[in-house]
Each structure stands twice: as C-alpha cells, then as structure tokens.
*Asks:* 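One structure follows; several queries about it will come next.
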Amino acid sequence: MGRNIRKRRSPLTVKVVAASAAVALGGGGLLYAQMNASAHESNNSAQNYTKAASATVATISCPDVGQKLTNVPDKAKMGVARELANLDKQITEAYSRLASTRQAQANDANFVQNAIVGPLKEKRAATIDRIRIDITRVGGQFNNALSQLAACTTQTANQTTAGQGNNNGGQNNGGQNNGGQNNNNGNNGQASAAPSASASTPVDVGAGGQAGNGPSAADFVDITKVAPNVLAKPQNTGQASTGSFTTRCGTNQNKNHNTDNVIVAPGVTNGAHHEHDYVGNQKVNAFSTNDSLLAAPSSCQNQSDLSAYYWPVVREQDGSQEFDANALGGGKEGNVGKIITPVKAQIKYVGSPASKVVAMPQFLRIITGDAKTTTNGLANANAHWSCTGFENKVQLTQQYPICPQGSQVVRTFAFQSCWDGVNIDSANHRTHVAFADPASGVCPNGFKAIPQLTMRLVYNLAQPSIVNGQVKNAYAVDGFPEQLHKAATDHDDFISVTKNNLAAKIANCVNSGRKCQ
C-alpha cells in the first residue's frame, strides 16, 4: 500500500465537521454520523446540497489481497474468486458498521479497534487461510506473506488518498488516451493530472455525499482553473499501425444494469458492490460463461461484436430514489441518487505508434483503472475526467470537473494495449496485459501490441458549484462504499467476444491505416 502523503489543501476543501449523532438516510439503509452540526443535504432536488462531514475515522483501509495473487491454479480459480469476494463483502460490512456507530466511537476511544477493526482482521485471516487451502489442495504454491495482509487500518479525515500513482493520466489526444499506467510494476511515482496551485489535490478523505460516504467539496474543481496537463502522443515510427475501428453499441438506453463483476467475482452475486452500465453483450452477469456470452444478443450495430463493455454508473446525488435505493450495490451500500445514462459512448480500437498489432484473442479480459484507489493508492489508477472543449488541455484523475455552462462532463478510458501472447486473464487480472511505454509506445519485453480499446463517455449533468463549503448538484461514480466515491476510483471492464473473424478484421484495419466501423 502506498504512503500517505500530505498535499496542499485545495481552496475547495471543506472544513471538517465533527460528528456526534448518527442519522439514517432514507432509502439507502446506510447510516452515517454527523457531529455537532447538520451536514446532510436537503432532499429537495432543486436545492441539492452535499456537505463534507467526517468523523475522526473516515474509512477502513485493507490490503488488496487480490492484487498480490500472481499464480492461481485453474482448478482453484473459482474458489479463490469467491473468497476474494468475501474479503470485499467483509470490508463493506465493516465500513457500514463504522458509519453507523459514531456515537459509540465518540464515547469509547477503543471502540473502532475492538468492535470493528479487530473482528475484521479475524474474519480476513480465516478467509485468506481458505484461499491458501484452495490453492495448495490442487498442488499450487501459496505465498505465505499473504497471511500478513489480514490486518486493516483506518484513515482519518485529514489523510490524503493513500500513495501516489504513475498513470501519466495527462496523456490524451482528442479524448483518446495513450495508455499511461504503470505497466503493472507496482512502483509509485507522481500522480497524473496534477492541478495547478489554485486547484491542488484535496487533503480530506472525508465523508459527505448523499449517503455520507462522498463525494465532498474537495472532490470537485473548476476545470477552467486547472493548468493544462495533457502531454503529446509518442511519435509514430515507420512500423506504426495508424488505423482505427469504431464499434457503435449505444449508451445503455435500455438500462441494462447489475452489481456483478464476472471477471473479478465469477459466480458471486453483487461481486462489484456497485452498479454497472452494460453495452455490447446483453447477457453479462456473475454466472456468464464463454459459451453463454457467445450465444447472447448484442447492442452493437455490428452483430459480430459480442464483446462486453461495462463501467460503473454515474449518479447525480439529487435525493432521487432509484430502483436500487434499498438494494445491495445501490443505496444499501452508499450508491445513491439518479443514474445518468451517457448521451454519447464512443468505443474505438486504435493502433500502436511503434508497431503493427496482433488480433485480440477470443475471451480476453481486461480491467483498466482501480476501484480501490482510496485505500490502494494510485499505482493502478487510470481515471480521466474532463469537459467538452477541454479534453486536449486538461485531464483529471483525482477530482471531478466542474464544467462551464454549455460544456459536458467526459470520462475517457484507454485500456492496456500490450498482451503477453498466451493468457486471456491472470490471477490478479493485470499481469497478462500491460501498458506501452508512454514516451515511445513500445510494449514491454515479452508482450505483443494489440488494438488498444478506448472509450469516451459524455454526460449531461447539472453544473456543480461550491457554496459555503457545500457542493450543490454533486455527482459521482459508483464504487465500493469505503472508497468514498473518489474520482480516482473510476475504472472500466472488457471481455473480447467476436464472431465471423471480427478480431482479425479489427487488427487488419488498424494495421492498414484505415478508419473502419
């Protein structure tokens, strides 16, 4: 886990409100505390205010066991995935208890350790041991150092997001990012999209938000006050693959949602603990198989594209009671407010500036970004937030943009564009793919360039504003409740599923320099 590093306080950072009484938020079932002052927003959507409110302990930080797993035997994968999902469930349950017991915490300095963190460690230790048993019973090797990851810590309202990352998130051209993560080496470097001094990264982890777990005023910045940070793309070599292939799959107008994640938690209902939008393959859930994905309908105009494209929904925290207000993954886990469907969803495959590409293998799985950056740090962050008219100038990783009138919020993703040539997935869902070097576009040794999947999502959202330390018209991406709805937790998921030789056609189009669809 990355170091906690203090940064200059943003002028948008709200003053922390001390909490002393727990209140229940209607429809969500999640409790949060506010001390000595009223800090929850009005449910009047015309006057929707969100104020940062945080107790001494803002959230729970647990080592991400899944990211440390590098070799799980095939016969153990389902069992290990279920246990990793149990670890996530344990954390969300502990966070809910943390959020609903503020009065007890105020009365007893040892309450958090004795009643929440201590029992959580015991549960995690037992779960990690079951992972050990699952792996060793089929002849696999278990890294005993993983047993040391059972203990969790707490983060206070004055801690920054843990660690710094190296995702070069400022690299963007026309809304299509050029990779820029850390090539999965786990090394922490300078965080991307560093705002100017007048819009520095927020200091407060803080609570706040309609459900008490974010976002806070510090999570927003006026994009017109952020210094340009977009870097130039690598220069094309003589072997560059300069074409592109656009697939048109809609914007999830039919509202295909669920809180599963078949990549990370196969066979586990609510494995994501937040809602996803789905376009492309229309039968993606925790129980999907390669065969069922091949047999499913697609929302794409090109019916040979059965790929699964899915991402966390964006919500306006306007007090609305969505369909999932009383459901796990929704209101019961702090994901509240009106789900906003993007008005545009551009899905495009682009080439490499350094080489030709090979076709993506059938059923390749890629996750880009990290849903747990609030506690993991930013090493695997790949969030890019901007506004129409600013995409070539400013890309934000750690804050949501406040766009000027007439401008729309934009989320962009650029997936890993290098493949190990063998595996369609890996134990931690990262090491089978990698990002190309951001300066040269060259893949790491042993990896092959594949068409780079890029996505650009555009939203019509009410313009947020900061008034007396409050956010009016707050919006946020769905996430795990303990991650506090930070902008950096944005991520995207993909499973490549094609028919009629479409994968080869995409590669040929990209390699030949054509623009196809």
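Everything numeric here is computed off the predicted structure, so don't read it as measured data.
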*Asks:* Considering residues at least two apart in sequence or located in another chain, which fulfil the salt bridge (charged side-chain N to carboxylate O under 4.0 Å, His left out) criterion with Asp260?
*Replies:*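 Asp260 satisfies salt bridge (charged side-chain N to carboxylate O under 4.0 Å, His left out) with no residue once adjacent residues are dropped.
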*Asks:* Apply salt bridge (charged side-chain N to carboxylate O under 4.0 Å, His left out) to Lys77 and list each qualifying residue two or more places apart in sequence or on a separate chain.
*Replies:* Asp74
*Asks:* Main chain of Gly280, side chain of Gln282: is a donor-acceptor contact present, judged purely on distance under 3.5 Å?
*Replies:* yes
*Asks:* Could you pull out all residues at least two apart from Asn302 that satisfy side-chain hydrogen bond (donor to acceptor under 3.5 Å, both in side chains)?
*Replies:*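 If we apply the side-chain hydrogen bond (donor to acceptor under 3.5 Å, both in side chains) test to Asn302, skipping adjacent residues, there are no hits.
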*Asks:* Would you indicate whether Lys283, at its atom NZ, is surrounded by more than 12 heavy atoms from other residues, nucleotides or ligands within a distance under 6.0 Å?
*Replies:*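 No.
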*Asks:* For the side chain of Arg248 and the backbone of Thr246, is there at least one donor-acceptor N/O pair under 3.5 Å apart?
*Replies:*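 No.
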*Asks:* Please report the C-alpha distance between Ser386 and Ile223 in whole Å, then the side-chain angles of each, then the deciding distance to 0.1 Å, and finally whether the side chain to side chain contact (heavy atoms under 4.5 Å, CB included) criterion is met.
*Replies:* CA-CA 8 Å; Ser386 192; Ile223 199 167; 3.7 Å; yes
*Asks:* Do other residues, nucleotides or ligands put more than 12 heavy atoms under 6.0 Å from Gln463 CD?
*Replies:*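 Counting neighbours around CD of Gln463, more than 12 heavy atoms of other residues, nucleotides or ligands fall under 6.0 Å, so yes.
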*Asks:* Does any pair with a residue in residues 482-517 pass disulfide (SG to SG under 2.5 Å), and if so which ones, sequence neighbours excluded?
*Replies:* Cys509-Cys516
*Asks:* Quick one: side chain to side chain contact (heavy atoms under 4.5 Å, CB included) partners of Thr251, sequence neighbours excluded?
*Replies:*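 Thr251 satisfies side chain to side chain contact (heavy atoms under 4.5 Å, CB included) with Gln253, Thr341, Pro342, Ala345 only.
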*Asks:* Using only heavy-atom distances, determine whether the side chains of Glu482 and Thr92 contain a donor-acceptor pair under 3.5 Å.
*Replies:*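 Short answer, no.
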*Asks:* Report the residues that fulfil side-chain hydrogen bond (donor to acceptor under 3.5 Å, both in side chains) with Ser304, sequence neighbours left out, ordered by chain and then residue number.
*Replies:* Asn500
*Asks:* What distance separates Phe494 CZ from Met360 CE, expressed to the nearest 0.5 Å?
*Replies:*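 Between atom CZ of Phe494 and atom CE of Met360 there are 4.5 Å.
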*Asks:* Report yes or no: does Asn281 contribute a side-chain atom to a donor-acceptor pair with the main-chain N or O of Leu306 at less than 3.5 Å?
*Replies:*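 Looks like yes, one N/O pair under 3.5 Å.
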*Asks:* If only atom types and distance count, is the side chain of Lys356 paired as donor or acceptor with the main-chain N or O of Asn511 below 3.5 Å?
*Replies:* yes
*Asks:* With sequence neighbours excluded, what pairs up with Trp385 under the ring-ring contact (aromatic ring centres under 6.0 Å, His included) test?
*Replies:* Tyr400
*Asks:* Considering residues at least two apart in sequence or located in another chain, which fulfil the ring-ring contact (aromatic ring centres under 6.0 Å, His included) criterion with His491?
*Replies:* His274
*Asks:* Do any pairs count as a disulfide (SG to SG under 2.5 Å) and have a residue in residues 366-416, sequence neighbours left out, and if so which ones?
*Replies:*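 Sorted pair list: Cys387-Cys403.
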*Asks:* Around atom CD of Gln303, are there more than 12 heavy atoms of other residues, nucleotides or ligands at under 6.0 Å?
*Replies:* yes
*Asks:* Under the rule for side-chain hydrogen bond (donor to acceptor under 3.5 Å, both in side chains), what residues qualify as partners of Asn285, not counting sequence neighbours?
*Replies:* none
*Asks:* Do Glu316 side-chain atoms and Ala462 backbone N/O form a donor-acceptor pair below 3.5 Å?
*Replies:*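 Yes: the side chain of Glu316 pairs with the backbone of Ala462.
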*Asks:* Ignoring hydrogens and angles, tell me if any N or O in the side chain of Asn423 forms a donor-acceptor pair with the backbone of Ser426 under 3.5 Å.
*Replies:* no
*Asks:* Examine distances only and state if a side-chain atom of His485 and a backbone atom of Asn213 form a donor-acceptor pair shorter than 3.5 Å.
*Replies:* yes
*Asks:* Would you kindly say whether Thr489 and Thr373 are connected by a side-chain donor-acceptor distance under 3.5 Å?
*Replies:* no
*Asks:* For Phe480, is the NZ or CZ atom of Lys372 found under 6.0 angstrom from the centre of its six-membered ring and inside 45 degrees of the ring axis?
*Replies:*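 Yes, Lys372 lies over the aromatic ring of Phe480.
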*Asks:* Could you tell me whether the side chains of Asp370 and Gln67 share a donor-acceptor contact shorter than 3.5 Å?
*Replies:* no
*Asks:* Identify, with sequence neighbours excluded, every residue that meets salt bridge (charged side-chain N to carboxylate O under 4.0 Å, His left out) alongside Arg315.
*Replies:*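 Once residues adjacent in sequence are excluded, the partners of Arg315 under the salt bridge (charged side-chain N to carboxylate O under 4.0 Å, His left out) criterion are Asp324, Asp478.
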*Asks:* Got a donor-acceptor contact below 3.5 angstrom from the Asn261 side chain to the Ala265 backbone?
*Replies:*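 Flag not set: sc Asn261 to bb Ala265 has no pair under 3.5 Å.
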*Asks:* Kindly indicate, with the supporting measurements, whether the criterion side-chain hydrogen bond (donor to acceptor under 3.5 Å, both in side chains) is fulfilled by Asp492 and Thr368.
*Replies:* CA-CA 5 Å; Asp492 207 346; Thr368 199; over 6 Å; no
*Asks:* Rounded to the nearest 0.5 Å, what's the gap from OG on Ser244 to CD on Gln452? Could you check?
*Replies:*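 The OG atom of Ser244 sits 12.5 Å away from the CD atom of Gln452.
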*Asks:* For Asp305, which residues count as a side-chain hydrogen bond (donor to acceptor under 3.5 Å, both in side chains) partner, sequence neighbours excluded?
*Replies:*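 Result, side-chain hydrogen bond (donor to acceptor under 3.5 Å, both in side chains) vs Asp305: Thr247, Ser307, Tyr309.
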